[in-house]
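Working notes for the structure below.
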Amino acid sequence: MGRMADSGRTTDEACLLKLAPHLLGRTRRGVVGSSRYAERLREAVRLAAADPEAGPVLISGEPGLGKDNLAALIHFGSPRRRRLMVRVDAVSLGDDGAALFGSGSSGGDGSLLDCLGDGALLIDNLDRADPLLRPRLLELLRSGRWRAPGAGSRERQFSGRLFCTTESALPEFDRRATVIRVPPLRVRRQDLGEWLRYGIRRQARGLGWSRPPQVSEAVVKRLQSHDFPGNLRELEGLIERALRQSAADRPTDLPAALPATLPDEVFWTGSRAQRARFDLWRWKPWLRFAMREPRLWNALLFGLVSWVFVLVNLWLWLGPQDRAHNGGLNFFWAWWWPLILLGYPLVGRLWCSFCPFMVWGEISQRLARAIGWRPRPWPRGDSDRWAAPLLAAGFALILLWEELWDLENTAWLSSCLLLVITAGAVLGSLAFEKRFWCRHLCPVGGMNGLFAKLSILELRAEAGTCSGSCTTYGCFKGGPAVGEGLASAGCPLGTHPAHLADNRDCVLCLTCAAACPHRSVQLRLRPPAADLQREMDPPAGEAGLILVLAGGISLHHWQRLLGWLPVVPESLHQGPLLPRLAIGCLALAVPSLLFLLGRPLLAARQQRLLLYALLPLLWALLLARHLPLGMAEAGRVLTVSLAPLGAAVPELPAWSADPHVIAFCQSVAVVLGLVWAALLVRRLWPAPRLQLAGLGLAVLLAAGGRWLVAAVAVAAPG
C-alpha cells in the first residue's frame with residue numbers, strides 16, 4: 001500500500017511539474033473603459049463566466065488586446081475558478097500535438113490533457129496551428145474527445161473547459177464555440193484616457209513612484225489620434241517608457257522630485273511615414289550650424305528688430321498722417337501685408353520669429369526675471385477650446401477697427417494697433433512663461449499659424465531618436481549645453497519638434513535645433529499643404545478664424561457686396577458709429593452666414609474639412625486683395641518717405657504697376673488658389689460626389705472673390 005501511495009504521489013508531482021510552465025495563476029486586469037464597446041465586452045465576459053454548461057469559448061481579435069487575460073477573467077469568474085488553468089501556444093504543438101495529447105506509446109497517460117483533468121485549457125493562436133493538427137483540435141472543441149498520436153491509442157474525454165484565441169476568422173471553429181470578438185483600441189478611442197490612467201496607476205508603484213502621476217487631457221487627445229497597431233501591448237510600453245523617462249533626470253535620493261503630472265513630451269508614438277521629404281541639413285550639414293547660431297539671432301532680434309519697431313512707431317506718430325506722405329504707413333500696408341502673404345507657402349510662420357511684438361515681450365520678461373519676478377507655467381489641458389475662439393474674436397475686432405477708422409490712411413491709429421498687440425505680448429510674457437501670448441492669444445499669430453499649414457518647409461524631429469536617446473528635453477524645456485547641443489531656454493511656444501502634427505505651433509526659430517545633441521531635428525522641404533490630411537484632427541475653434549479671415553475680404557469690399565441695401569451709409573469711415581458698425585459686422589459675417597446655411601447639407605467634420613480644403617483659395621483672395629495697394633505703392637517708398645522734406649530732396653526712383661498688370665496678377669493668384677483648393681478637395685473628401693460638389697463650390701467662390709477684390713482700382717498717391 002505504501003508503494004502504491006508513493007507511486008500516486010509521484011504521478012501527481014510529475015503532472016504538476018508538467019503543468020507548471022503553462023499555469024495561469026491570476027488575471028492581469030479587468031475590462032477598462034466606459035464606451036459601448038467596453039460595456040459589451042464586459043457583458044460577454046460575464047455571460048461566458050456564468051454559462052452553466054461551461055461550453056468552449058473562442059476569443060478573436062488583433063494582436064496585443066490581452067485575449068488570454070479575457071479567458072482568465074472568464075475562468076476565474078466562473079464556478080470552476082478553483083480548478084487549474086493552463087495556456088499552450090498552438091504554434092508550439094507541431095503537426096501531431098504530442099505536447100498536448102501525449103505520445104502514442106503512452107496512450108495519452110501523463111499528457112498535458114490527462115494531467116489537467118477537469119481544469120481549463122487555453123489554446124493561444126489557434127489560427128496559427130498546423131493544418132494537420134486542426135481537425136483534432138476541432139474535435140476537441142466540438143465534443144471534448146481526444147486521443148494520443150498513433151493508431152492504437154484509445155479515445156478519451158476531456159472534462160474541463162476549453163478556451164481558444166485567434167487573430168483571424170476561423171468559421172469552422174466559430175460554429176462550435178461561444179465567440180467573443182475584442183474590438184481594437186483604435187475603434188474605442190473614448191476608452192483611451194481611462195486605459196492610460198489605469199496603466200499609469202498600475203505601473204507607477206512598481207517603478208518607484210510613491211504616488212501615481214496625473215496626465216493632461218492634451219496628452220489623451222493627442223494619443224487618441226494614434227491608431228495603436230499594437231493595441232494594449234503598445235500602450236503599456238508607451239506608459240512604461242514615459243514613466244522611466246520622467247524619472248531619468250530626477251535625483252534618486254529625492255522621491256518627491258518626481259513630477260505630479262507627466263510632461264506631454266514623454267509620450268511617444270510611432271510617427272506616420274512621411275513621403276517626399278528632403279532634409280536640407282543632411283544635404284548641406286554646415287547649414288545646421290550656421291542657422292542655429294545664437295549670436296546671429298540675438299543680434300537680429302534685440303539689436304535690430306526691437307529698435308526698428310520703436311523708430312517705425314515714432315515715424316507713425318510724429319510724421320505726416322496720410323499714406324501719400326508717411327513711409328511708415330507705406331511699409332506697413334504696401335510692404336508687410338503682401339510680403340507676409342507671399343511668405344506663407346514658402347517659410348510658413350517664420351515672421352513670428354522676427355515679430356517685434358514678442359521681442360519686446362521677451363525683453364520685458366527678462367527684465368522682470370532680473371528683479372525676481374517669476375512668470376507662471378502655462379495652464380495645462382486643451383487650450384484650443386478657449387484660445388481658438390479668442391483668436392477669431394481678436395482678429396474680427398482688428399478688422400473692424402481697420403475699416404471703421406480707416407487705419408490704412410491714418411498713421412497714428414496704425415501705430416495704436418501695433419502698440420495694443422505689443423501690450424498684449426508684454427502682459428502675456430509677464431503673466432506666463434515663454435511666448436504664451438504668441439501661441440494662444442495673438443490674432444496675427446493665429447493667422448500665421450493657420451496659413452503655415454500651406455508651407456513647403458517644416459521643422460520636425462525623429463521620434464525614434466528622441467524617445468530612445470534623449471532624457472534632457474533641452475529642445476522643449478531648455479537646459480545647459482549637452483554634447484554638440486547648445487544651452488537654451490527651450491521652445492518659446494512650448495512644443496516638442498517630434499510631437500508636431502502640423503506647422504501651426506512652430507515659428508522656425510531653430511531653438512530646438514540649437515539645443516539638440518543628437519541631430520534629431522530636421523529642416524525639410526515637403527509637398528505644399530502636407531499638413532492638411534483627411535485624418536487630421538484640427539481644433540474646432542480654428543474654423544472660426546478661417547471664416548473671420550474670409551470675412552475680412554467682404555468687409556474691405558463692403559460697398560460692392562452690400563451697397564445695394566437701402567440703409568447702408570455712404571462710408572464706413574465717416575458718420576454715426578452705430579450704422580457703420582452694424583454694416584461692418586454684417587459684411588464681416590457674410591462667410592459665417594454662408595457656412596451656417598450649409599450645416600443641414602454636410603456633417604460638422606465634412607464642413608471643417610471643406611474649410612481647410614478651401615484654405616489655399618482664401619490665401620489667394622487675401623493676396624489679391626492686398627496686391628493692388630502693394631504693386632501700386634510699394635515701389636514709391638523712397639518718394640513717400642522723403643516727401644515731407646519737399647524741394648530739398650532730389651528726384652528719387654519710383655515704380656508703380658499698371659492697373660492691367662495688377663489685375664492680371666490678381667487673376668493669376670486666384671487661379672492658383674483655385675487649382676490648389678481643387679487638389680485639396682480631392683485629398684480631404686474621398687467620395688466622388690462630394691469632390692464634384694466641393695469643386696463646384698470652389699469655382700463659385702473663386703469667381704465671386706475675383707469679382708469682389710477687383711472692385712476698386714488703387715491709384716498711386718501723390
Side-chain angles (χ1 to χ4, degrees), residues 249 265 271 274 277-306 308 343-344 346-363 365-366 429 433-435 438-439 445 448-449 452 455-526 530:
D249 58 346
E265 67 272 13
S271 56
Q274 302 288 338
R277 297 301 197 272
F278 180 76
D279 185 3
L280 292 173
W281 289 340
R282 181 173 294 179
W283 172 54
K284 296 291 184 183
W286 61 269
L287 280 174
R288 178 192 301 270
F289 299 98
M291 295 176 68
R292 71 176 193 163
E293 176 55 53
R295 289 173 296 182
L296 172 65
W297 285 92
N298 289 333
L300 185 62
L301 295 179
F302 303 107
L304 180 63
V305 171
S306 58
V308 167
Y344 288 140
L346 300 176
V347 293
R349 199 176 172 177
L350 181 63
W351 162 256
C352 289
S353 293
F354 305 99
C355 173
F357 312 137
M358 205 55 231
V359 169
W360 281 101
E362 288 194 16
I363 291 174
Q365 193 175 76
R366 294 185 182 189
S429 300
E433 63 183 3
K434 299 186 177 181
R435 292 192 175 190
C438 192
R439 173 164 177 172
N448 294 347
S455 175
I456 62 171
L457 201 65
E458 67 179 14
L459 192 72
R460 298 290 188 271
E462 292 291 339
T465 302
C466 297
S467 62
S469 304
C470 184
T471 58
T472 62
Y473 307 115
C475 62
F476 170 78
K477 64 183 182 181
V482 177
E484 70 174 39
L486 306 176
S488 80
C491 175
L493 264 64
T495 57
H496 195 293
H499 292 159
L500 288 171
D502 56 35
N503 280 348
R504 182 171 66 113
D505 293 327
C506 178
V507 298
L508 295 176
C509 65
L510 304 184
T511 301
C512 55
C516 179
H518 307 292
R519 300 193 183 185
S520 173
V521 182
Q522 300 175 350
L523 184 66
R524 306 186 298 203
L525 294 175
R526 63 178 192 176

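These numbers were taken from a predicted model, which means no experiment stands behind them.
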- Query: Which heavy atom in Gly494 sits nearest to a heavy atom in Arg439, and how many Å separate them?
  - Reply: O-NH1, 3.4 Å
- Intermediate values then yes/no, side-chain contact (heavy atoms from CB on, under 4.5 Å), Thr495 and Phe476: CA-CA 6 Å; Thr495 57; Phe476 170 78; 5.6 Å; no
- Message: To the closest 0.5 Å, what do you measure between SG (Cys352) and CZ (Phe357)?
- Response: 10.0 Å
- Message: If you compare all heavy atoms of Leu500 against all heavy atoms of Cys506, which two are closest, and at what distance to 0.1 Å?
- Response: CD1-CB, 3.9 Å
- Considering the options Cys491, Pro492, Ser429, Cys509, which one meets the side-chain contact (heavy atoms from CB on, under 4.5 Å) requirement together with Arg435? Pro492
- Message: I'd like to know if the side chain of Trp297 and the backbone of Arg292 have a donor-acceptor N/O pair within less than 3.5 Å.
- Response: no
- Query: So, does His496 use its side chain to make a donor-acceptor pair with the main chain of Ala498 at under 3.5 Å?
  - Reply: yes
- Under the side-chain contact (heavy atoms from CB on, under 4.5 Å) criterion, do Leu510 and Val521 qualify, and how do the steps go? CA-CA 9 Å; Leu510 304 184; Val521 182; over 6 Å; no
- Query: Quick one: CG on Leu304 to CG on Asn298, what's the gap to the nearest 0.5 Å?
  - Reply: 13.0 Å
- Say you draw a straight line from CG of Leu523 to CG of Leu280; how long is it, rounded to the nearest 0.5 Å? 5.0 Å
- Taking every heavy atom of Ser306 against every heavy atom of Val359, the minimum-distance pair comes out as CB-CG1, 3.7 Å
- Donor-acceptor contact present, side-chain Asn503 to main-chain Ala452, <3.5 Å: yes
- For residues Lys434 and Lys477, report the shortest heavy-atom separation together with the two atoms involved. NZ-CA, 3.8 Å
- Message: Show me the pairs that pass side-chain hydrogen bond (donor to acceptor under 3.5 Å, both in side chains) and involve residues 281-290, at least two apart or across chains.
- Response: none
- Item | Residue pair Cys438 / Leu493: nearest heavy atoms and the distance that separates them | SG-CD1, 4.3 Å
Please list every donor-acceptor pair under 3.5 Å in which a side-chain atom of residues 479-489 meets a protein atom from a residue at least two apart or in another chain.
residue: Glu484; atom: OE1; partner: Arg519; partner atom: NE; Å: 3.1
residue: Glu484; atom: OE1; partner: Arg519; partner atom: NH2; Å: 3.1
residue: Glu484; atom: OE2; partner: Arg519; partner atom: NE; Å: 2.9
residue: Ser488; atom: OG; partner: Gly474; partner atom: O; Å: 3.3
residue: Ser488; atom: OG; partner: Gly490; partner atom: N; Å: 3.2

- Message: Would you compute the distance between atom CG of Asp505 and atom CZ of Arg349 and round it to the nearest 0.5 angstrom?
- Response: 6.5 Å
- Inter-residue atom distance Glu462.CD - His518.NE2, 0.5 Å rounding: 13.5 Å
- Check: Ala461 main-chain N/O paired with Ser520 side-chain donor or acceptor under 3.5 Å: no
- Message: Is there a side-chain contact (heavy atoms from CB on, under 4.5 Å) between Leu346 and Ile456? Walk through the geometry before answering.
- Response: CA-CA 6 Å; Leu346 300 176; Ile456 62 171; 4.2 Å; yes
- Hey, what do you get for CG (Asp502) to CZ (Arg460), rounding to the nearest 0.5 Å? 7.0 Å
- Shortest non-hydrogen pair, Leu457 vs Arg526, comes out as O-NE, 4.1 Å
- Item | Side chains of Val507 and Asn448 in contact at under 4.5 Å (non-hydrogen atoms) | no
